[in-house]
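A, B, ... follow the sequence lines: proteins, then strands. Residue 1 opens every chain.
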Protein chains: 2
Amino acid sequence: MTERTDTSRVAPPLAATELTQQRPQRRRPLHEEAAERLRDMIVEGELAPGERVREQAVCDRLGLSRTPLREAMKVLAAEGLVTLQPNRGATVADLSPADIADTFKVIGALEALAGELAVERVDDDDIAEMRVLHYQMALHQTRGELPEYFRLNQRVHERLVELSGNQVLIETYRQLGGRIQRQRFVANRWAGRWEQAMHEHEQMLDALAARDGRRLADILRLHLDNKLTAVEHIDRDGRPRHDAAAD
Amino acid sequence: MTERTDTSRVAPPLAATELTQQRPQRRRPLHEEAAERLRDMIVEGELAPGERVREQAVCDRLGLSRTPLREAMKVLAAEGLVTLQPNRGATVADLSPADIADTFKVIGALEALAGELAVERVDDDDIAEMRVLHYQMALHQTRGELPEYFRLNQRVHERLVELSGNQVLIETYRQLGGRIQRQRFVANRWAGRWEQAMHEHEQMLDALAARDGRRLADILRLHLDNKLTAVEHIDRDGRPRHDAAAD
DNA sequence: ACAAAAAGATTTGCATACAATTCTACTCGT
DNA sequence: ACGAGTAGAATTGTATGCAAATCTTTTTGT
């Protein structure tokens, strides 16, 4: 479904001379690049949720014309990152708390499925690799290195889904994950819930190593539910709410 | 959101003569319409899986220019219905057996989640409605009315997912369903597996009425697995394979 | 005759121009 | 003051032209 870079093409005949790194590698379509840049801008909050996105303004910003930008916007809309209204332009998707909760529920179900499929396929090598990731994450946790911890955390989940071997699942998981990347990005500043999360991750690893798909699935669902609870206690500026602390 | 027919504008001065059906009702963007038409063309096989889609050809066919068509193609690509290769055009997505199996697995997990969520929300009215759909379907089954049976079948599943109340789930389910609509369309000609499917549907209805989410989820997963098996026994011309009959 | 190279024809990618629609600010009548 | 109506600006939607890349056919060297 996703296009892959085909490197099997014959090399251009003029490759003999000294190569400047001035690669003619501008083979990348502008609309793709635009889509990527827009995703980043949304995740990092340069475009705020609910904000109107005027085509010409973004074109000036990115240095391209409206045609490829509009193509990129259609893609982002299909991914759920922006909302399009005919003749009335685009706005950055503004997820309601319900939307976020719904998204976590679905992601939870997907990860649970991933777990059940993964236990049927993993070899000892895969598990060893997961163990490495896990203990790297644990190390960052004890050191209080927040960004690295979060990055590893996400890697662990992504890797587990990959281990399912189900291409459609992987793709769907990535797409939904993309919608809440901003929430994750923001949550990146808050350190709550470390111990519980690590404990759950340990159980995940155990269940995976024991090839207990049912248990792994259950843990994952629970883990995602808890993750949602944590996110719900963070306002959109990335600070924990005062009302309750869930850890 | 709600589009209203704006009659407050001054009428075009040449409206007096007999109206061709050329309604000024062009509120709908062409790229949307194009996307819809393309989806239909793919589902109905007018564009065959793996077939190259040349822009100009489709534009002539649909009577529009390349700009809106290209926007529509990006959407279809994001939906997984076509595959885009930079500078080399688009082809209708050609799902491998593995892709189809993967898709059914994910859909199964989504429906299972839908079931668990639905039992928490449905009222007696909803259940009564599901019962009506179910018995309509049963009637079509006993009468051997294949297309109507399939249509109702799909309605039942779609309705169940709707009853989950989870917007993200509904959306994701529809998108994945769209990818295998062609398989469903083709399967429409084959009548196998009626009794078993109806039996499973009956169990689904029971579990829903009993608000037994866990059981409903299990039935749904099983049901989808069986559906996959059935689809796997149909070649792409819509005829059952001779090697084995699963009912 | 055959492979490599070159020339020509298609096809895709992007920018621009213009039409259609919506948005904004203003006028006018009560 | 105030809302309906209206000109003008701003914004989106679509068509077209041209450049870049790819595909096809022809040519050329051995």
Could you work out which one of [options] sits closest to the side chain of [X]?
{"X": "A/R66", "options": "C/dT22, C/dC18, C/dG13", "value": "C/dC18"}
{"X": "A/T67", "options": "D/dG13, C/dT16, D/dG17", "value": "C/dT16"}
{"X": "B/L30", "options": "C/dT22, C/dC14, D/dA15", "value": "D/dA15"}
{"X": "B/P68", "options": "D/dT14, D/dT12, C/dA15", "value": "D/dT14"}

>> Going by the rule side-chain contact (heavy atoms from CB on, under 4.5 Å), which residues pair with B/R61 if we only count those two or more places apart in sequence or in a different chain?
In response: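 Per chain and number, B/R61 pairs via side-chain contact (heavy atoms from CB on, under 4.5 Å) with B/R37, B/M41, B/E46.
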> Are the charged groups of B/E111 and B/R221 less than 4.0 angstrom apart, N to O?
Replying inline: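 Salt bridge between B/E111 and B/R221, a charged N being under 4.0 Å from a carboxylate O: no.
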> With a 4.0 Å cut-off, would you call A/E158 and A/R151 a salt bridge?
Replying inline: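 A/R151 and A/E158: not salt-bridged.
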> For residues 50-63 of chain A, which residues have at least one heavy atom under 4.0 Å from DNA chain D?
Replying inline: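 When residues 50-63 of chain A is checked for heavy atoms under 4.0 Å from DNA chain D, the hits, listed by number, are A/R52, A/V53, A/R54, A/E55.
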>> So A/M130 and A/R159, do their side chains get closer than 4.5 Å, heavy atoms only?
In response: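 Heavy-atom side-chain distance check passes, below 4.5 Å.
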>> What's the angle between the local helix axes at either end of the helix from C/dA1-D/dT30 to C/dT30-D/dA1, using five pairs per end and rounding to 10 degrees?
In response: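 Nearest ten degrees gives 10° for this helix.
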>> Quiz question: going by heavy-atom distance under 3.5 Å, is there a donor-acceptor pair between the base of C/dG13 and the side chain of B/R88?
In response: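 Flag unset: no donor-acceptor pair detected.
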>> Surrounding NZ of B/K227 (heavy atoms of other residues, nucleotides or ligands, distance under 6.0 Å), is the total greater than 12?
In response: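 Above 12, so yes.
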>> Could you walk me through whether B/S96 and B/D99 satisfy the side chain to side chain donor-acceptor pair (under 3.5 Å) test, starting with their C-alpha distance in whole Å, then the side-chain angles of each, then the deciding distance to 0.1 Å, before giving a yes or no?
In response: CA-CA 5 Å; B/S96 69; B/D99 289 330; 3.1 Å; yes
> Between B/N87 and B/E32, which has a closest nucleotide on DNA chain D that is more 5'?
Replying inline: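 The residue whose closest nucleotide sits nearer the 5' end is B/E32.
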